[in-house]
Amino acid sequence: MADHQSVQDGFAPVFKALATMQSNLSGKEKTQAHEFLEKFQKSSEAWNATHAILQDSKAPVEARLFAATTLKGKITYDLHQLPPDALTPLRDSLISLLQLYLPGPRPIRIQINVCLASLAIQLPSWKDVVSTIGSAVGNSFEGGDCLLDFLRILPEEVIDGRKINISEEDLAARTMELLESNANQVLQLLISYSQSSRQAARNPHLYSCLASWLREISALDIVNSPLLKEITDALEDSASFDAAVDCLCSMFRDTRDVDESLPVISKLYPAILIRRPFIQEAAATEDLDMMKGITRLYAEAGEAWMVLIARQPDQFKDLVECVLECCVRDRDREAISTTFIFWYELKQILVLEKYAQSKAKIAPLFSQLVDVMIKHLEFPTPEDGNEKDLFDGDREQEDKFRAFRHSMGDVLKDACEVVGVTECLTKSFALIQKWGQSYASHVSGNTVPHWQELEAPLFSLRAMGRMVGPEEGTVLPQVIPLLTTVPDHEKLKFQAIMALARYTEWTAQHPETLESQLTYVISGFNHPALEVVQASALAFKFLGTDCARLLGDHIPQLHQFYEGVIDKLKPSSQEEVTEGVAAVVGVQPVDHIYASLKLFCDPVMNRVVSLAQHAKDEAAEKQVADYLGLITIFFDYVQPYVSPQEANPAVKYCQEILPALSGIAKHFTKSIPILERVCKCWRTMIISYRTATAPLLPALATSIAEGFETSRQGAFLWATNAVIREFSYGAEFVDEATSENVYQFFAQQATVFFRILADLQPVELPDIIEDFFRLASDAIRYYPAKAITSHLAEPMVQASLTALTLQSLEPVLASLHFLRDFLDFGFDHPPISNFNGPNGEPTPVTPLEVRSAVKRVLSTTGQQLVHRVLTGMMFSFPEDVFPDASAVLLSLFSLVPQAAAQWVQNTLQLLPAGTLKPAEANKLMKGISDKLEQNESRKVRVLLQDFTNSYRRRNVAPREGLGRLEASKFRFSG
């Protein structure tokens, strides 16, 4: 046992940092302590320090857990820091530590077991792993419990073995030795342990261990052994219940190939079916954990044996009934979500034509499920009668219930496909009628008795709306008129309006119901509840978009309504109402488009101009931006078909408001919301009216260019992007002079961007960088010959290398996409075929001068490019960009293989000392060389990905153990 004081003195900085992490000191001091400990975890000194701390019984338990977790990281990632002859002594010292912590605390003991399992993978000379640990821990209950932990951990660590720096061949060989060769021995150990005592048979760790070994131990061997009875009997004990459920569910997953697993299923199925009374017991005792576990048991069995349910419904209908009973008895709605996947997958298989007969037999259960789900949809009834607070102030519970309802709505959709929409709708309609017969006469103002019983079927109608086609003619002709009579109670009216919003496609086919719906929805705009007003706006949007032609003759009335409500709504509702109105304007005859746009847009533009004149703060600027967004919506929806020879009436209106938009952009050079909305408006004009906007280009390009130079906001590059795409070379109805001017417009924007990048740090420009490289990608796609052979090519690549120093996802991703596109043009066959041959005909071959230009740029930037991409993958890139980063490297190895290999080698030589062994670097370079000689450049990509992942895990990624130190309390169980 180490002397406590000497340990404290010898590793005082570590203990001080640990104490700081658990203290109430300032964030700065904690950050410094965190950085110190993180550096300590990766150092060579940590080997001795962790052992010393673990051997000190007087050290704080948190410090010892940190030491054990650190030691686990050392063995996983840093074994190369030790000489080979030190590994066996390391194993022996770990076994001594395991014996020391046999009585606990268990979290430390588990970490030591992980250390031993990880070392076992990397120490091939250690052959008798299981028997060594078994002998070391002995036959006591604590020893058996410890051995179970080790046996559970061993397969998990082997399966996760790729995080260890070991070759695939060595890992495969060690997997065979550690798992496959030991499977029978482990099975016999578990059987023997389970039979040793009742305490052992109820040990939850036994079943966790068994579940961990199911990849190696055949489920058939388990069900043919005494273990099956022990597992199912363990369901009767609260201590072992959860672990037994986990184990059985693992066995279910192992039997998904039902044809191969019939002998196993034939024993498992009756063994779990006999436990059906547990459902009623869990409900009667209000044992939520038991209800969750038993529900999961039957639901996951159903998921695994879905094919058998479809093939043999008579034999497996009982299983479906068990899942349904769980749903019925789950009064607290805590377990029912476990069944959602089961119902979805059962629906998926039953709707197949080959299982039509099975569907008929199971359909009655889905019909009952509809009744159950609608009942579960009901809001709670407050005990104190306070209708304004249905969840006793528990906002989290309220949010959970609301999200939960939508999931239950998805189950109702599943039922519609099995039972049929008419039967499902009829159930909701019957409940609405029943409520009306019982309580409608007792409604007084907003006081509605038992409103929950009406609101739930209303919600169900809304939920099932997506499944109901416009041709439904049995229930909806009765339901829709009924919805427009629902009382003004806040939740009822909200649900009725949302339901109407779901059936607007049906309404378009049944115009006789439109007027009453429109009246009811519009009445909602005057409701005092904001939620109802927002529902009305959404419903109006769908009525406008789906019934636009039916409303086409109501422009004056719509204008009056629009002007009356638009200023009273929240921005999101303003947008929805505008979408509904704009859809109606969009179906006007071409000769009415201009006048209709002016009728609706001029008042909005007047608001914009008036507000802009007095906007002095962010709130006022936000209001200007919101109204600008409404103008954009009109341009998005109003897209009349006009021949190229005719003037587009919408463009005529765009031309009228262009000076006002340009003036606003010049005035608000610091307001990001306003500039983004102005640019979005310009971009939408181009996208909606395409080449018809050619008359706008001179003024528009000037405004965009001036705006970018003045404001330095990426939104102007986003707008430039639309111009590039629409007016590039070869675009229909675009002359060569216009295309040339557009390219010069891009060149001007690029030059300004380079100047901005030179003035400011990249970290200050993430949005501009992202927008520029999305624009640059389009520029080289649509103008490849001009852009790649121009003087802009190398500065663009250099700028992308600067962008790769960022750690933000979007700019790095955009830069990598640009580089991929750029490098694609170095190959014989380009990603697009808009090059022309000598006689003007399209050719799929990249011109020689373009390919040469790409390689010329690489000759000056290649080394830096490889350095930035490779070190980015090793140190700083977000994980989401790895596929694109490795694709850039693949392109380089395909274009200039020898040079790329040299650039990689040069980069490796610059890595921090001690982070990469020479043998590891040599192995990588040899692998690259071999793949290049075999003309397998694609496999180089895999080598580099594996190498960078391994390096990052060892040297960059945070190690475990620090987060626990900052917790205010940490419990340890012995």
For Y503 and D546, which I'm curious about, is there any donor-acceptor pair between the side chains at under 3.5 Å?
no

Distance col, row Q437:CD vs K434:NZ, nearest 0.5 angstrom, shows 9.5 Å

Is it the case that the side chains of T578 and Y637 hold a donor-acceptor pair, with the cut-off being a distance below 3.5 Å and no angle test?
no

Mark yes or no: R405 above the aromatic ring of F459, with NZ or CZ under 6.0 Å from the six-membered ring centre and no more than 45 degrees from the axis.
yes

Quick one: does C326's side chain get under 4.5 Å of I336's, heavy atoms only?
no

Could you go step by step and tell me if E236 and R275 meet the salt bridge (Lys or Arg N to Asp or Glu O under 4.0 Å) rule?
CA-CA 9 Å; E236 298 175 1; R275 304 293 173 174; 2.6 Å; yes

Evaluate the ring planes of F379 and W451, with Trp represented by its six-membered ring, and classify them as parallel (under 30°), tilted (30 to 60°) or perpendicular (over 60°).
tilted

Are P477 and E472 side-chain neighbours, meaning at least one heavy-atom pair lies under 4.5 Å?
yes

Between R329 and E334, does a salt bridge (Lys or Arg N to Asp or Glu O under 4.0 Å) hold up when you go through it step by step?
CA-CA 11 Å; R329 296 188 182 276; E334 290 289 337; over 6 Å; no

Does K413 qualify as a cation-pi partner of Y344, given the criterion of NZ or CZ under 6.0 Å from the six-membered ring centre and within 45 degrees of its axis?
no

Quick one: does R311's side chain get under 4.5 Å of S358's, heavy atoms only?
no

Check whether any side-chain heavy atom of T338 lies under 4.5 Å from a side-chain heavy atom of F342, and answer yes or no.
no

Distance col, row L412:CG vs E417:CD, nearest 0.5 angstrom, shows 12.5 Å

State whether D246 and R296 are salt-bridged, where the test is any N-O pair (Lys NZ or Arg NE/NH1/NH2 against Asp/Glu carboxylate O) under 4.0 Å.
yes

Residues two or more places apart in sequence or in another chain: which of them pass side chain to side chain donor-acceptor pair (under 3.5 Å) with T295?
none

Point-to-point distance, once rounded to the nearest 0.5 Å, from CG of L248 to CG of D254
12.5 Å

Using salt bridge (Lys or Arg N to Asp or Glu O under 4.0 Å), reason through D626 and K622 one step at a time and then give a plain yes or no.
CA-CA 6 Å; D626 290 337; K622 178 72 166 57; 3.0 Å; yes

Parallel, tilted or perpendicular: which describes the rings of F540 and F561, with under 30° parallel and over 60° perpendicular?
tilted

Would a 4.5 Å heavy-atom cut-off, applied to side chains only, mark V479 and L483 as touching?
yes

Within the structure provided, determine whether I309 and K317 are in side-chain contact (heavy-atom separation under 4.5 Å).
no

Please list all pairs meeting ring pair (Phe, Tyr, Trp, His ring centres under 6.0 Å) that have one or both residues in residues 281-302, counting only residues at least two apart or in different chains.
none

Do T484 and Q517 have side-chain N/O donor and acceptor atoms under 3.5 Å apart?
no

Would you call E579-K541 a salt bridge at under 4.0 Å N-O?
yes

Parallel, tilted or perpendicular: which one describes the rings of Y439 and W435, with boundaries at 30° and 60°?
tilted

Going through the checks in order, is the side-chain hydrogen bond (donor to acceptor under 3.5 Å, both in side chains) test met by T632 and T684?
CA-CA 7 Å; T632 303; T684 304; 5.1 Å; no

Contact check, side chains of Y207 and F241, non-hydrogen atoms, under 4.5 Å:
no

Apply the test salt bridge (Lys or Arg N to Asp or Glu O under 4.0 Å) to residues E396 and K400: give CA-CA distance (whole Å), side-chain angles for both, the deciding distance (0.1 Å), then the verdict.
CA-CA 6 Å; E396 182 180 349; K400 179 182 175 183; over 6 Å; no

Taking side chain as C-beta onward, heavy atoms only, is S367 less than 4.5 Å from E423?
yes

